[in-house]
Protein chains: 2
Amino acid sequence: MDVKTIPDIVVGRLPIYLRALQAMLDEGRKVTSSQELGERLGISAAQIRKDLSQFGEFGKQGTGYSIDFLAEQIGAILKVNRVWDVAVVGAGDIGSAIAQYQGFTNRGFRVVMIFDKDPEKVGAQVGSFTVQRVEELESLVQEARIEIAMIAVPGAEAQSVADRLVKAGVQAILNYAPISISVPEGVHVQYIDPVIHLQRMTYYL
Amino acid sequence: MDVKTIPDIVVGRLPIYLRALQAMLDEGRKVTSSQELGERLGISAAQIRKDLSQFGEFGKQGTGYSIDFLAEQIGAILKVNRVWDVAVVGAGDIGSAIAQYQGFTNRGFRVVMIFDKDPEKVGAQVGSFTVQRVEELESLVQEARIEIAMIAVPGAEAQSVADRLVKAGVQAILNYAPISISVPEGVHVQYIDPVIHLQRMTYYL
DNA sequence: TAGATTGTTAATCGATTAACAATC
DNA sequence: TAGATTGTTAATCGATTAACAATC
């Protein structure tokens with residue numbers, strides 16, 4: 001079939017482009033160019049054109065890109081032209097904050113359930129959700145056919161939570177616990193650890 | 001002087017190494033090798049050795065690395081063998097969660113103040129902090145000689161908050177708002193936007 | 001000593017940039 | 001038409017990997 005694989009680093013930039021395009025739409029803009037987008041993001045115009053060319057031809061010579069159209073196309077490539085249901089595990093400060101995060105709206109995601117193992121928290125309300133017993137994780141996640149989850153439990157528990165999520169059919173995990181987790185081939189993991197980002201900057205201070 | 005510059009991508013991996021080393025220490029381990037560390041992180045042993053060799057010789061042939069010593073050295077390189085005071089701007093769900101985050105302990109950072117512009121929030125308690133008026137931002141940040149801040153305000157306000165932080169002397173910003181911000185040369189910015197990470201994974205689902 | 005593992009060099013691989021014909 | 005900007009190729013640049021002498 002000879003299907004060329006898209007480099008991971010290119011896929012990783014698409015969400016950045018999409019976010020900028022949506023910001024431009026909010027500003028009422030209609031058209032942009034690789035140069036403008038690049039200046040806005042600190043990325044070279046050539047790189048943006050090269051990245052996009054991996055997926056098709058979305059622009060017009062002399063004119064640039066229709067923001068609306070390009071956003072639509074990138075959304076389709078990333079499969080976020082739909083809404084993905086997401087489960088949150090851990091109802092502490094971080095889990096509660098992300099469960100209620102307004103920023104998922106219109107960007108392809110919706111939190112639909114939250115779990116905790118603490119009996120004190122189970123049954124409590126977090127925004128519009130009732131915290132579920134973590135014992136129900138497998139059955140509820142599986143039944144709802146949820147493929148994406150966010151882990152917001154202490155580091156020591158993150159691996160076992162990940163194992164349970166995978167067993168329940170989850171294929172993409174966003175891990176807020178400050179620890180590397182191992183998952184089977186084919187399951188995707190991304191990490192959010194503020195300390196990693198901060199330490200990366202202190203080097204230069 | 002001919003000082004070789006360390007590639008940014010190498011600096012970016014050091015915090016990952018450090019986190020893994022500290023986890024090993026917690027497990028009571030004393031010695032590790034580039035191979036073991038690499039397997040744990042999904043990074044090649046050669047790359048780890050190459051990265052570390054940019055800064056010095058930290059291992060022993062035949063033996064590997066003293067975990068304690070290597071963690072110490074990387075901490076020193078990253079300048080996190082001290083505690084940096086951090087300001088948080090925005091006392092919503094996210095700002096409150098990061099202000100109280102336990103994970104900064106022993107990793108080089110300590111939140112010392114939190115601001116909000118909402119008069120309803122100003123004066124309220126967030127953990128052990130009293131929310132400060134954002135009007136006091138410049139004076140309080142400057143007086144405390146704070147160099148690092150985290151932004152957790154709505155996207156529309158992030159740029160103006162960043163401008164004020166920079167004016168107050170902040171040189172490193174961790175931005176939780178889902179928007180690119182521009183800062184003067186020499187000021188560092190890192191981003192945390194869960195949607196970016198999620199969209200990066202949906203491509204593969 | 002024999003085995004293991006580092007630090008480093010050279011080779012390979014991959015990503016970015018520059019340049020420009022095509023064309024709106 | 002003249003000017004602008006794309007999509008793409010080739011050149012450059014940089015990062016990763018393989019291999020191995022040094023040595024604990």
Side-chain angles (χ1 to χ4, degrees), chain A residues 2-18 20-21 24 29-74 76-77 200 203, chain B residues 2-18 20-21 24 29-74 76-77 200 203:
Chain A
D2 206 50
V3 174
K4 82 169 160 326
T5 312
I6 309 294
D8 201 57
I9 197 163
V10 173
V11 174
R13 279 190 294 260
L14 294 185
I16 309 280
Y17 300 161
L18 182 54
L21 291 167
M24 287 176 175
R29 306 281 313 287
K30 296 292 181 199
V31 172
T32 188
S33 64
S34 59
Q35 184 176 355
E36 184 190 42
L37 200 49
E39 275 167 16
R40 196 148 165 156
L41 296 173
I43 293 176
S44 80
Q47 178 157 86
I48 291 174
R49 293 201 302 279
K50 188 108 212 283
D51 285 353
L52 296 177
S53 76
Q54 302 262 12
F55 302 96
E57 309 193 353
F58 305 119
K60 278 198 178 54
Q61 284 102 322
T63 311
Y65 302 91
S66 155
I67 295 173
D68 189 60
F69 175 75
L70 184 56
E72 196 79 20
Q73 295 295 308
I74 295 179
I77 292 164
R200 194 176 178 156
Y203 173 79
Chain B
D2 207 51
V3 174
K4 84 171 161 325
T5 311
I6 308 294
D8 201 58
I9 197 163
V10 173
V11 175
R13 279 191 294 260
L14 293 185
I16 310 281
Y17 300 160
L18 181 55
L21 291 166
M24 287 176 175
R29 304 282 313 286
K30 297 292 181 198
V31 172
T32 188
S33 64
S34 58
Q35 183 176 357
E36 185 191 41
L37 200 49
E39 275 167 17
R40 197 149 164 156
L41 296 173
I43 293 177
S44 80
Q47 178 157 87
I48 291 173
R49 293 201 302 279
K50 188 106 210 286
D51 285 352
L52 295 177
S53 75
Q54 302 262 12
F55 302 96
E57 309 194 352
F58 305 120
K60 278 199 180 49
Q61 284 103 324
T63 312
Y65 302 91
S66 154
I67 296 173
D68 189 59
F69 175 75
L70 185 56
E72 196 79 21
Q73 295 295 309
I74 295 179
I77 292 164
R200 193 173 180 158
Y203 173 80

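Fair warning: this is a prediction, and the values are worked out from it, not measured in the lab. Below, read A as the first sequence line, B as the second, and so on, with proteins coming before strands; counting in each chain starts at 1.
If you take OH of Y17(B) and C1' of dT6(C), they are 15 Å apart, rounded to a whole angstrom. The nearest whole Å value for the distance from the NZ atom in K60(B) to the C1' atom in dG7(C) is 14 Å. At whole-Å resolution of the value, CG in D51(B) and P in dG14(D) are 17 Å apart. For F55(B) and dT8(C), the CZ to C1' distance is 16 Å, given to the nearest whole Å. To the nearest angstrom, P of dC24(C) lies 16 Å from CZ of R49(A).
At the phosphate of dT17(C), OP1 or OP2 sits under 4.0 Å from a side-chain N or O atom of S44(A). Neither OP1 nor OP2 of dA4(C) sits under 4.0 Å from any side-chain N or O of Q61(B).
Taking every side-chain heavy atom of S53(B) into account, dG7(C) is the closest of dT6(D), dT16(D), dG7(C). Side-chain proximity of E57(B) to the nucleotides dT17(D), dC24(D), dG7(C) is greatest for dG7(C).
Both G62(A) and K50(A) lie near DNA chain D, and the one whose nearest nucleotide falls closer to the 5' end is G62(A).
Stem list for DNA chain D (at least 3 consecutive Watson-Crick or G-U pairs, distances under 3.5 Å): C:3-24 with D:3-24.
DNA chain C is contacted by S33(B), S34(B) of residues 29-37 of chain B, taking any non-hydrogen atom closer than 4.0 Å.
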